[in-house]
Amino acid sequence: MKKMWTGVTDGVTNKIADDFNSSISFDSRMFAQDIKGSIAHAMMLAKQNIISEEEKTVLIDGLSGILEDLSSGKLEFDENAEDIHMFVEQILTERVGETGKKLHTARSRNDQVALDFRMYVRDEIKVIISKLKSLISSITTQAETNYDVIMPGYTHLQRAQPITMGHHLMAYATMFMRDIGRLEQADVMLDVCPIGSCALAGTTYNTDRLFEAQKLGFSQVSMNSIDGVSDRDFAVDFLSACSLIMMHLSRFSEEIILWSSWEFKFIELSSEFTTGSSIMPQKRNPDMAELVRGKTGRVYGDLMALLTTLKGIPLAYNKDMQEDKESVFDAGDTVKACLDVFAPMIKTMKVLPENTLLAAQKGFINATDLADYLVKKGLPFRSAYKISGEIVKECLSKGLVLETLSLEEYKKHSDLFENDLYNDISLKTCVEKRISLGGTSPSSVLEQIKLVKGYLEKNV
Ligand code: ARG
């Protein structure tokens with residue numbers, strides 16, 4: 001096939017090589033970024049008198065028309081084109097004639113692709129942040145409904161201390177807020193415009209890189225043209241942030257799956273977000289959560305793929321770098337799809353407070369509070385801990401729990417025990433007393449909810 005880049009070669013390549021080399025099948029999704037970048041480039045060229053005002057108008061009108069036609073579907077991508085950059089330029093030249101050939105002055109596809117890709121990642125970051133906010137809002141709504149619902153809190157998946165469902169849910173809200181912070185930081189790191197680096201060495205034309213960068217919403221330009229075309233750190237940052245979002249979603253999924261099992265039955269997922277079994281009519285399968293947990297692996301894979309692709313590439317641009325896009329596209333698509341299903345799944349799930357309470361009642365999860373009771377009466381914590389442990393052992397051997405052991409039996413372990421101990425070890429008291437900042441008491445949970453709601457309102 002005859003190429004636009006006929007130089008020392010005759011520009012005729014083998015079809016197999018063409019297909020192998022071509023990236024239009026996936027980089028076509030950057031068409032809007034590519035065209036916006038080109039419009040800014042035409043403006044800069046005219047401002048610097050590299051092209052005339054008339055030529056600028058011709059180029060911008062042509063590019064805007066292509067943007068419109070690609071957006072509406074009136075113009076289709078040519079699968080034989082080498083990539084999105086060549087395709088747009090070719091259509092432009094077909095539509096506006098010779099002037100179209102002036103657009104590629106003082107730039108190269110190397111800085112062009114670096115720019116388009118950054119702009120694409122930037123747009124993705126915005127979309128993902130807004131989806132994370134919807135998820136945080138769903139979690140907060142559930143936490144508010146269940147702010148005082150008692151359940152066992154676990155360490156080592158062993159019942160540890162009583163907590164509130166609201167508290168547990170708000171832990172996830174906190175994690176997803178951190179994810180937003182990470183994406184925002186990635187956006188700050190990404191805010192460096194590479195266009196004007198040209199092939200690698202800069203250009204002899206009198207360009208105004210800052211003008212072009214500002215037109216595209218960047219506050220800085222890359223200060224080294226070789227790094228400008230070689231840097232893909234922003235894509236790694238993005239994939240790394242995506243991986244952490246998936247890790248959080250996956251941990252949440254695991255709990256959703258456990259909680260909706262008959263062994264736990266802490267929650268019931270809405271039938272809209274579960275599937276049945278073709279042979280077992282009693283099943284309500286948490287497929288969405290399982291899929292999210294499963295898809296986490298592929299997003300980690302995307303991160304590893306890019307890191308591995310980049311590790312041995314010498315400066316500056318090498319075609320290996322064309323491989324950077326699909327991982328980023330896939331990770332972005334996956335994260336967005338997971339967030340889209342997760343937010344309504346959480347919003348519509350039903351917490352079953354009788355079951356969470358029942359689970360909390362059986363596991364001696366108030367043993368710490370029993371020790372704290374003795375500490376309150378003057379015993380050092382270590383001694384109190386030991387006595388509390390002996391009492392648990394005694395209960396276990398007698399088939400009792402702390403609430404059903406008599407005061408007489410308690411007194412055999414320490415005469416500091418009085419009748420008020422039963423109030424101190426009631427699960428309600430255990431939870432309500434944990435008013436430390438960030439703790440599990442309903443009042444503290446309401447405080448956490450208030451903070452998160454304030455954050456969401458400030459950041460819409
Ligand atoms: N399709 C290429 C990519 O995605 C664009 C840059 C090509 N540059 C070059 N010198 N061949 O990386």
Side-chain angles (χ1 to χ4, degrees), residues 3-7 23-24 27-72 74-78 81-123 190-223 225 228-229 317 325:
K3 288 289 179 324
M4 279 164 93
W5 38 252
T6 321
S23 53
I24 185 98
D27 66 17
S28 56
R29 66 156 97 186
M30 301 195 306
F31 75 86
Q33 289 84 2
D34 190 76
I35 295 173
K36 283 178 195 159
S38 288
I39 290 176
H41 192 63
M43 287 176 177
M44 188 281 289
L45 291 175
K47 178 184 160 287
Q48 298 300 99
N49 294 319
I50 301 169
I51 60 170
S52 69
E53 280 299 315
E54 298 73 57
E55 286 167 335
K56 175 185 91 174
T57 309
V58 169
L59 290 175
I60 293 180
D61 289 351
L63 287 163
S64 306
I66 298 173
L67 180 59
E68 220 177 283
D69 294 349
L70 285 174
S71 307
S72 68
K74 204 169 135 198
L75 175 63
E76 279 177 19
F77 296 107
D78 173 6
E82 189 176 325
D83 57 28
I84 184 62
H85 326 291
M86 291 302 225
F87 172 73
V88 172
E89 197 183 322
Q90 187 189 322
I91 301 291
L92 181 68
T93 307
E94 275 169 29
R95 289 189 176 185
V96 307
E98 284 298 292
T99 311
K101 295 184 184 169
K102 293 203 170 183
L103 177 64
H104 212 52
T105 317
R107 78 172 182 187
S108 143
R109 268 189 299 156
N110 297 350
D111 57 345
Q112 193 181 351
V113 73
L115 170 68
D116 293 3
F117 198 28
R118 261 175 210 262
M119 287 167 64
Y120 180 89
V121 171
R122 227 175 186 185
D123 292 343
L190 178 153
D191 186 18
V192 178
C193 185
I195 199 79
S197 300
C198 303
L200 79 162
T203 181
T204 53
Y205 292 98
N206 174 30
T207 51
D208 185 344
R209 292 190 58 201
L210 209 53
F211 170 85
E212 196 168 340
Q214 279 162 359
K215 282 266 165 278
L216 294 167
F218 287 92
S219 58
Q220 290 180 61
V221 295
S222 51
M223 66 153 211
S225 60
V229 289
Y317 178 84
K325 284 162 214 71

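Keep in mind the model is a prediction, meaning the values are calculated, not measured. Throughout, residue positions are numbered sequentially from 1 according to the sequence presented. Atom set for the values below is all heavy atoms of this structure, side chains included, hydrogens, waters and symmetry mates excluded.
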Quick one: are [X] and [Y] in side-chain contact, heavy atoms under 4.5 Å?
X      : Y      : result
Leu70  : Ile35  : yes
Arg122 : Leu190 : yes
Asp34  : Val113 : no
Lys102 : Leu45  : no
Phe218 : Glu212 : no
Leu103 : Leu63  : yes
Ser64  : Ile39  : yes
Arg118 : Cys193 : no

Shortest non-hydrogen separation from [X] to [Y] and the atoms involved:
X      : Y      : value
Gly228 : Ala114 : O-CB, 3.9 Å
Asp27  : Ser23  : OD2-OG, 2.6 Å
Gly202 : Ser225 : N-OG, 3.6 Å
Val221 : Ala213 : CG1-CB, 3.6 Å
Asn110 : Cys198 : CB-O, 4.0 Å
Ala81  : Ile24  : O-CG2, 3.3 Å

Going by an N to O cut-off under 4.0 Å, is there a salt bridge joining [X] and [Y]?
X      : Y      : result
Glu82  : Arg109 : yes
Lys101 : Glu98  : yes
Asp61  : Arg95  : no
Glu53  : Lys56  : yes

- Passes side chain to side chain donor-acceptor pair (under 3.5 Å), Asp191 versus Gln220? Steps please. CA-CA 6 Å; Asp191 186 18; Gln220 290 180 61; 5.4 Å; no

- Message: Between Ile84 and Phe87, does the side chain to side chain contact (heavy atoms under 4.5 Å, CB included) criterion hold? Intermediate values first, please.
- Response: CA-CA 5 Å; Ile84 184 62; Phe87 172 73; 4.2 Å; yes

Measuring from [X]:[atom1] to [Y]:[atom2], what's the distance to the nearest 0.5 Å?
X      : Y      : atom1 : atom2 : answer
Phe31  : Phe77  : CZ    : CZ    : 5.5 Å
Met43  : Leu59  : CE    : CG    : 11.5 Å
Tyr317 : Asp111 : OH    : CG    : 12.0 Å
Ser222 : Leu115 : OG    : CG    : 10.0 Å
Lys215 : His41  : NZ    : NE2   : 15.0 Å
Gln48  : Arg209 : CD    : CZ    : 13.0 Å

- Task: Evaluate the side chain to side chain donor-acceptor pair (under 3.5 Å) criterion for residues Thr207 and Arg107: first the C-alpha distance (whole Å), next the side-chain angles of each, then the deciding distance (0.1 Å), finally the verdict.
- Result: CA-CA 10 Å; Thr207 51; Arg107 78 172 182 187; over 6 Å; no

- Query: Around atom NZ of Lys36, are there more than 12 heavy atoms of other residues, nucleotides or ligands at under 6.0 Å?
  - Reply: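 Open.
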
- Query: Is the number of heavy atoms from other residues, nucleotides or ligands under 6.0 Å of Glu94 CD greater than 12?
  - Reply: yes

- Query: Between the main-chain N or O of Leu200 and the side-chain N or O of Ser197, is there a donor-acceptor pair closer than 3.5 Å?
  - Reply: no

- Test side chain to side chain contact (heavy atoms under 4.5 Å, CB included) on Lys47 and Phe211 and set out the steps. CA-CA 9 Å; Lys47 178 184 160 287; Phe211 170 85; 3.5 Å; yes

- Query: Of Gln33, Lys325, His85, which meets side chain to side chain donor-acceptor pair (under 3.5 Å) against Asp116?
  - Reply: His85

